[in-house]
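Report on the following structure.
The chains referred to below are lettered A, B, ... by the order of the sequence lines, with proteins before strands, and numbering in each begins at 1. Both backbone and side-chain heavy atoms feed into the values below; hydrogens, waters and symmetry mates do not.
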There are 2 protein chains.
Amino acid sequence: MRSHCYADGVPRKVDVEAQRAGIAAAVLRLAARSGLEAVSLREVAAEAGVSMGRVQHYFRTKEEMLLHGVRLAMRRMETRIADRLRRLPDEVGEEQVLRAAIDEVLGDHPETRQVIRASVAYYARAQENAEVFEVLFGDDAVLHDLAAHVVRTAQAEGRAPAGLDPEQEARVVWSLADSLGIKVAFGQTSSEQAMATMRYHLDRVLGCEAHPGV
Amino acid sequence: MRSHCYADGVPRKVDVEAQRAGIAAAVLRLAARSGLEAVSLREVAAEAGVSMGRVQHYFRTKEEMLLHGVRLAMRRMETRIADRLRRLPDEVGEEQVLRAAIDEVLGDHPETRQVIRASVAYYARAQENAEVFEVLFGDDAVLHDLAAHVVRTAQAEGRAPAGLDPEQEARVVWSLADSLGIKVAFGQTSSEQAMATMRYHLDRVLGCEAHPGV
DNA sequence: GCTTTTACGATGCGATCGCATTGACATGGG
DNA sequence: CCCATGTCAATGCGATCGCATCGTAAAAGC
């Protein structure tokens, strides 16, 4: 009746990754709620409902624990976007991928807002810790290229207005999504308002189409 | 030969506001450098080069000190924008005001970056502390109205493309400025790159004109 | 001139911090 | 069966935390 019982009677070790993920989830909740100041080993242990010794067993230092926390945040975001794509009819184009990612960022699901708030809490640390910087911003180039390609496709199909610079438009789109996502996560704006603004902008750049969400 | 000597031999009290500002400046430096986690009474005292007793004398609690810090940040930003306007030829229109504010946000002057990084460090606290929220985001409505009005003017003068929604465009412009400003402050993007993106966008919304800066 | 107020510096308190150590217990391999 | 290993809970350490208190020296008020 221990929490780390074995599955199917197969005698095995404790699921290390699951334990780490449980603790990292507590880190995320605390960071999202009150910033990194509130993240101490004792608080994390209490939030995760485990002993402090357990936390220290799975993370050698606080730094390592924090890094694992922000990694979990990004992984969750990717998972949620992938789930969203899976719910769409098959054969999604790149524009659907872009729109799904933006929808996720601007949505008001509590977990999304938690991840975004936690990410912002890590910003200061990203300046001093290259690994945190990489986790937070490492995927930006891929997302940028995705947006730029979508713009180019819209141009090729004649849906986009003339004279657009796909590279600059990509920067605008993601900057907009970032900023609106943060505003939603911190309660400055409603999710609906942010999605309306995003849809307004995308309609002018990619042409007006019927889309679920933004 | 004390640091709080009187000016002109006039026996007066210590300049309370100057003392508080000096301490708040230290708070800003620490928050910008390493986040609010690094802001303790002892660290602030050391950074400001004063005793801990002095810090406690001018701020009854840490909370009050932090609030004064973020107020100083916003005040500095406004001052820097006002200075920028004063350097322009007189009779500035509202569009110049908007552009000056955006220029300041995207500029790579160390003090601007410090203020932006410090502001981001306060985001988590803004959720729990209504006063911090007000200081950080209280001016947003004014800035929004400014941008919307500038867009409307550009429309009236026939410089803007047809079919623009000034309210939405205002949201886009400020979201863009916020996001790019943060990216510059945290070293994700160069100031030049951010200004180029901003100029690119403004040219499409307000019409292309020759402007200093963005 | 004497008291009150202002402006600190210094020090101490209890709580909490990250981290290291220790030991109990359980498991699987030899 | 024994022991190496993995998995923790418990505890203690030195440092640091925010804050309260105390003492002092100087100016302000009477």
Side-chain angles (χ1 to χ4, degrees), chain A residues 1-24 26-27 30-31 33-69 121 125 128-129 132, chain B residues 1-24 26-27 30-31 33-69 121 125 128-129 132:
Chain A
M1 261 317 170
R2 306 279 296 281
S3 65
H4 54 287
C5 289
Y6 307 136
D8 322 306
V10 181
R12 305 226 50 238
K13 303 239 218 89
V14 171
D15 184 343
V16 175
E17 277 320 304
Q19 293 281 358
R20 297 183 122 223
I23 295 168
V27 171
L30 288 172
R33 193 184 309 147
S34 318
L36 285 192
E37 324 160 51
V39 181
S40 72
L41 297 184
R42 285 163 180 81
E43 277 293 314
V44 169
E47 174 73 27
V50 303
S51 75
M52 197 176 145
R54 187 122 117 206
V55 175
Q56 284 190 272
H57 178 70
Y58 286 105
F59 298 103
R60 295 208 326 282
T61 64
K62 184 187 181 182
E63 189 72 24
E64 187 186 326
M65 181 184 75
L66 290 176
L67 180 60
H68 204 264
R125 195 159 284 253
E128 299 169 330
N129 186 318
V132 172
Chain B
M1 261 315 167
R2 306 280 296 279
S3 65
H4 51 286
C5 289
Y6 307 137
D8 327 305
V10 180
R12 307 232 46 242
K13 300 238 219 90
V14 171
D15 184 342
V16 175
E17 278 320 305
Q19 293 281 359
R20 298 182 121 225
I23 295 169
V27 171
L30 287 172
R33 193 184 309 146
S34 317
L36 285 192
E37 325 160 50
V39 182
S40 71
L41 297 184
R42 285 162 179 81
E43 277 294 314
V44 169
E47 174 72 27
V50 304
S51 75
M52 198 176 143
R54 186 121 120 205
V55 174
Q56 285 190 271
H57 179 70
Y58 285 105
F59 298 102
R60 296 207 325 280
T61 64
K62 185 188 180 181
E63 190 72 24
E64 186 187 327
M65 181 184 77
L66 291 176
L67 180 60
H68 204 264
R125 196 159 282 254
E128 299 169 331
N129 187 319
V132 172

Report which part of the nucleic acid A/Arg42 touches: base, sugar-phosphate, or nothing (heavy-atom distance under 4.0 Å, all strands). base

Atom-pair distance (CD on A/Gln56; P on C/dC17), nearest Å: 12 Å

Identify whether any heavy atom of B/Val55 sits under 4.0 Å from a base atom; if not, whether one sits that close to sugar-phosphate; answer base, sugar-phosphate or nothing. nothing

Nearest non-hydrogen partners of B/Gly35 and B/Ala121, listed with the distance: CA-CB, 4.2 Å

Can you check the A/Lys62 NZ to C/dG18 C1' distance for me, whole Å? 8 Å

With side chain to side chain contact (heavy atoms under 4.5 Å, CB included) as the test, would you mind laying out the steps for B/Lys62 and B/Met65 before giving the verdict? CA-CA 5 Å; B/Lys62 185 188 180 181; B/Met65 181 184 77; 4.2 Å; yes

From CD1 of B/Ile23 across to C1' of C/dA7 the rounded distance in Å is 12 Å

Does B/Val44 reach a base, just sugar-phosphate, or nothing at all? Heavy atoms under 4.0 Å. nothing

Quickly work out the A/Glu37 CD to D/dG18 P distance and round it to whole Å. 10 Å

When you check the gap from the basic side-chain N to the acidic O, do A/Glu47 and A/Arg33 get nearer than 4.0 Å? yes

Figure out the NE2/C1' separation between B/His57 and D/dA26, and round it to whole Å. 13 Å

Pick the closest DNA chain C nucleotide for A/Ala38 and for A/Arg60 by heavy atoms, then say which residue is nearer the 5' end. A/Ala38

Whole angstrom value for the distance that separates C1' of D/dC22 from CE of B/Met52: 15 Å

How close or far is atom P of D/dT21 from atom CZ of B/Arg54, stated in whole angstroms? 23 Å

Phosphate oxygens OP1/OP2 of C/dC17: is one of them under 4.0 Å from a side-chain N or O of A/Ser40? yes

Please report the distance, rounded to the nearest Å, between CG in B/Leu41 and P in C/dG12. 18 Å

Is a side-chain donor or acceptor of A/Arg20 paired with a backbone partner of A/Tyr58 at a separation under 3.5 angstrom? yes

